2 protein chains.
Amino acid sequence: MDAVRDEAAGKRARGLDRAFEILDFLRQKRQALKPNEIAAQIGAPRSSVYELVNLLLSNGILEFTGGEGRVYLGRKLYFLGAAYENHFDFTRECEATLEQLADETRETAQFCMLDGNRYTVVRMREGARPFRISTDVGQSVPIPWTASGRLLVAHLSNEEILNFIPPQDFRLPGGEWLEPQTFIAEVRQAEREGLFTFNSIVDSFTHCFAVPVRGEEGHAAATLCLVTPRDDGIANRDRYLDCLKKAATGLEHAPSRPKRG
Amino acid sequence: MDAVRDEAAGKRARGLDRAFEILDFLRQKRQALKPNEIAAQIGAPRSSVYELVNLLLSNGILEFTGGEGRVYLGRKLYFLGAAYENHFDFTRECEATLEQLADETRETAQFCMLDGNRYTVVRMREGARPFRISTDVGQSVPIPWTASGRLLVAHLSNEEILNFIPPQDFRLPGGEWLEPQTFIAEVRQAEREGLFTFNSIVDSFTHCFAVPVRGEEGHAAATLCLVTPRDDGIANRDRYLDCLKKAATGLEHAPSRPKRG
DNA sequence: CATCTACGTCCAATATATCGTACATGTGAT
DNA sequence: ATCACATGTACGATATATTGGACGTAGATG
């Protein structure tokens with residue numbers, strides 16, 4: 001995950017960082033794992049992982065589940081996440097907006113944000129004829145693989161973008177190399193036009209539409225997307241973009257705004 | 001919070017524990033705070049808190065919000081919490097059950113769980129005539145203050161219960177002292193009857209009904225509650241308990257059950 | 001039976017995280 | 001002007017957390 005972090009090698013990792021590395025790893029895997037497996041797969045010393053896992057267990061951050069000593073994210077995290085959601089109260093409006101988008105277009109609608117230096121689908125509403133979407137809700141995906149990615153980093157300078165995105169994330173799922181300069185050009189284009197659309201990089205049969213949901217600072221705090229069969233997308237391009245833009249405008253008066261205080 | 005932890009005094013606190021103490025504290029306060037305020041209010045060294053807050057900020061666990069350098073729970077926690085919720089997929093059923101309960105009774109219905117060694121309302125549906133409920137969603141409350149509390153610890157032995165509940169939590173909000181032996185007796189009664197009801201300890205005008213939602217291990221993983229005006233509650237006691245029990249039975253086939261694997 | 005891997009625990013060495021303290025700044029009260 | 005307080009930063013000492021490696025077990029494989 002954070003291979004970048006091990007700069008100089010030979011250094012000890014801080015417990016806190018390792019702990020959150022473990023949590024993030026479990027989130028990615030979306031299943032309970034044994035401490036031993038975790039250690040092996042994130043490349044951390046076994047003894048450290050056992051120590052940390054036990055600490056996290058006793059705090060309710062992790063829980064035993066799935067038997068055989070496997071652990072997964074714990075209830076405490078749910079409570080903390082709920083407090084965040086309650087504070088930045090975007091869920092209700094978001095859900096309604098996706099609903100409406102799906103109604104208007106019959107296509108799959110998504111609400112997406114950055115998760116650190118990667119991209120993630122926060123909420124999704126499947127369209128009328130659901131097909132296998134390549135990226136599930138909650139999975140982190142390299143920013144350059146997605147249409148939304150072009151919008152979510154548009155507030156950064158070229159140099160900041162290159163520092164922000166892990167270099168290996170420019171390697172596309174098919175194995176091809178996306179030239180960072182090409183990506184940057186697309187970012188700037190998306191910024192000018194206030195939207196980005198392309199034939200999905202991740203699969204070979206969908207077209208993706210993304211528009212920004214701007215936060216208080218004026219830059220894209222999130223995106224709204226449609227994922228459509230290529231024919232449909234190209235045929236309905238203008239109407240779909242209209243729907244997206246209206247929806248995004250509607251959301252911009254709600255998200256990331258503290259409820260009180 | 002964990003005054004108990006500082007057993008021998010003079011010891012250093014572990015970073016991980018302090019970190020989660022900070023997170024829990026922010027959750028309780030439900031607002032952004034300056035690192036300095038956090039340090040003062042949880043009684044931790046300022047330098048440690050600054051160090052930890054910066055670490056958590058750089059991990060996305062905390063976020064700047066509210067200006068003046070104030071911090072609050074961050075987006076990463078939301079993602080982790082969503083992963084938990086997704087794994088133990090109880091939300092949908094839970095929401096529907098509360099809806100139905102509120103419809104049938106016109107009273108306030110709650111879904112409650114333990115949060116470590118305290119009690120918390122996870123979800124709530126307000127009744128027909130909403131009144132000021134004393135405990136908000138997400139707040140942690142001493143176990144002995146609540147009807148649900150009697151059920152949530154019923155799987156523990158008497159001794160385990162006394163070790164589990166912080167002693168100071170037997171001091172009721174009015175200042176009176178609830179004798180632990182009295183509490184234990186009520187726990188055993190609740191266990192036998194599979195329910196607990198009483199006039200709220202927290203306020204002077206509501207009656208509370210609680211029934212267990214049993215998990216796979218057979219003990220109360222959560223509770224369903226009704227909070228009613230005292231007259232209503234006493235008048236409709238049997239009907240309300242019927243509704244609650246049916247609802248709980250309905251939930252028991254869903255909660256805390258991993259979706260897959 | 002011998003060997004290998006997966007799993008968990010224990011332990012000592014040392015790199016370092018925690019914490020007390022001092023310093024710097026701004027603000028408001030006296 | 002002087003004091004008190006809140007806020008953030010810097011730094012060294014030392015208690016300790018992280019880590020590699022040893023150890024024990026169990027199951028699978030040859």
Side-chain angles (χ1 to χ4, degrees), chain A residues 1-26 29 31-59 61-72 74 261, chain B residues 1-26 29 31-59 61-72 74 261:
Chain A
M1 212 130 306
D2 285 271
V4 193
R5 182 183 297 150
D6 320 74
E7 305 271 15
K11 312 282 290 183
R12 286 189 183 187
R14 195 177 261 250
L16 248 188
D17 291 330
R18 274 252 205 269
F20 284 111
E21 200 181 340
I22 291 172
L23 298 183
D24 249 345
F25 181 70
L26 287 171
K29 284 294 182 180
Q31 58 174 314
L33 293 172
K34 300 182 197 180
N36 207 30
E37 299 172 312
I38 299 174
Q41 297 187 49
I42 69 177
R46 285 185 326 131
S47 43
S48 307
V49 173
Y50 274 101
E51 169 97 13
L52 288 170
V53 164
N54 284 328
L55 272 176
L56 294 169
L57 280 169
S58 68
N59 274 321
I61 309 294
L62 288 180
E63 284 175 13
F64 282 118
T65 178
E68 316 259 314
R70 271 180 275 259
V71 298
Y72 192 66
Chain B
M1 210 130 306
D2 286 270
V4 194
R5 182 181 300 152
D6 319 79
E7 305 271 14
K11 311 286 289 184
R12 287 189 184 185
R14 194 177 262 250
L16 247 186
D17 291 330
R18 275 253 206 268
F20 285 110
E21 200 180 344
I22 291 172
L23 298 183
D24 248 346
F25 181 69
L26 287 172
K29 285 291 180 184
Q31 58 176 314
L33 292 172
K34 301 181 198 181
N36 208 28
E37 298 173 312
I38 298 174
Q41 296 186 50
I42 69 176
R46 287 192 317 134
S47 42
S48 306
V49 173
Y50 274 100
E51 169 97 15
L52 288 169
V53 164
N54 284 328
L55 272 176
L56 294 170
L57 280 169
S58 68
N59 274 322
I61 309 294
L62 288 180
E63 283 176 14
F64 282 118
T65 178
E68 317 256 319
R70 270 181 276 260
V71 298
Y72 193 64

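Sequence lines set the chain letters: A, B, ... in the order given, protein chains first and strands last, and positions in each chain run from 1. Note that these values count all heavy atoms, side chains included, but never hydrogens, waters or copies made by symmetry. Note that the coordinates shown come from a computational prediction; the quantities given were computed from them, not determined experimentally.
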Distances for protein N/O vs nucleotides 26-29 of chain C N/O pairs under 3.5 angstrom?
none

Spacing of A/L52 atom CG relative to D/dT16 atom C1', expressed in whole Å:
14 Å
Can you give each donor-acceptor pair under 3.5 Å made by side-chain atoms of residues 44-52 of chain B, sequence neighbours left out, with the distance rounded to 0.1 Å?
from	atom 1	to	atom 2	distance (Å)
B/R46	NH1	B/N36	OD1	3.2
B/E51	OE2	A/R14	NH1	3.4
B/E51	OE2	A/R14	NH2	2.7

Rounded to whole angstroms, how far apart are CG on A/N36 and C1' on C/dT9?
12 Å
Closest non-hydrogen atom pair between B/T65 and B/Y72, with its separation:
CG2-CB, 3.5 Å
Taking CD1 from B/I38 and C1' from D/dA6, how many angstroms apart are they, rounded to a whole number?
15 Å
Roughly how far apart are A/E37 CD and A/E68 CD, rounded to 0.5 Å?
9.5 Å
Carefully, step by step, assess B/F20 and B/L16 under the rule side chain to side chain contact (heavy atoms under 4.5 Å, CB included).
CA-CA 6 Å; B/F20 285 110; B/L16 247 186; 3.3 Å; yes
Write down the distance between CD (B/E68) and C1' (D/dG8), rounded to a whole number of angstrom.
13 Å
Categorize A/A40 for me: base, sugar-phosphate, or nothing, with a 4.0 angstrom heavy-atom threshold over every strand shown.
nothing
Passes side chain to side chain contact (heavy atoms under 4.5 Å, CB included), A/R70 versus A/F64? Steps please.
CA-CA 6 Å; A/R70 271 180 275 259; A/F64 282 118; over 6 Å; no
Please report the distance, rounded to the nearest Å, between CG in B/N54 and C1' in D/dT7.
14 Å
Specify the residue among A/E37 and A/G15 whose closest nucleotide of DNA chain C lies further upstream toward the 5′ end.
A/E37
Starting at atom CG of A/L33, determine the distance to atom C1' of C/dA6, rounded to an integer number of angstrom.
14 Å
Collect all protein-nucleotide pairs involving nucleotides 20-22 of chain D in which both atoms are nitrogen or oxygen and the distance is under 3.5 Å.
from	atom 1	to	atom 2	distance (Å)
D/dG20	N7	A/S47	OG	3.0
D/dG20	O6	A/S47	OG	3.1

Go through the steps for B/L57 and B/V71 under the test side chain to side chain contact (heavy atoms under 4.5 Å, CB included), then give the verdict.
CA-CA 8 Å; B/L57 280 169; B/V71 298; 4.0 Å; yes
Could you state the NZ-C1' distance from A/K34 to C/dT5, rounded to the nearest angstrom?
12 Å
Validation row: B/N54, B/L62 side chains within 4.5 angstrom (heavy atoms):
no
Here the pair of heavy atoms bringing B/P35 nearest to B/G69 is CD-O, 3.6 Å
Establish whether the base of D/dT14 is bridged to the side chain of B/R12 by a donor-acceptor pair shorter than 3.5 Å.
yes
Earlier contact from the 5' end, DNA chain C, for A/Y50 and A/R14
A/Y50
Which pair of non-hydrogen atoms, one from B/K29 and one from B/L33, has the smallest distance, and what is that distance?
CG-CD1, 3.9 Å
Gap between atoms CG and P, on A/L16 and C/dT16 respectively (whole Å)
16 Å
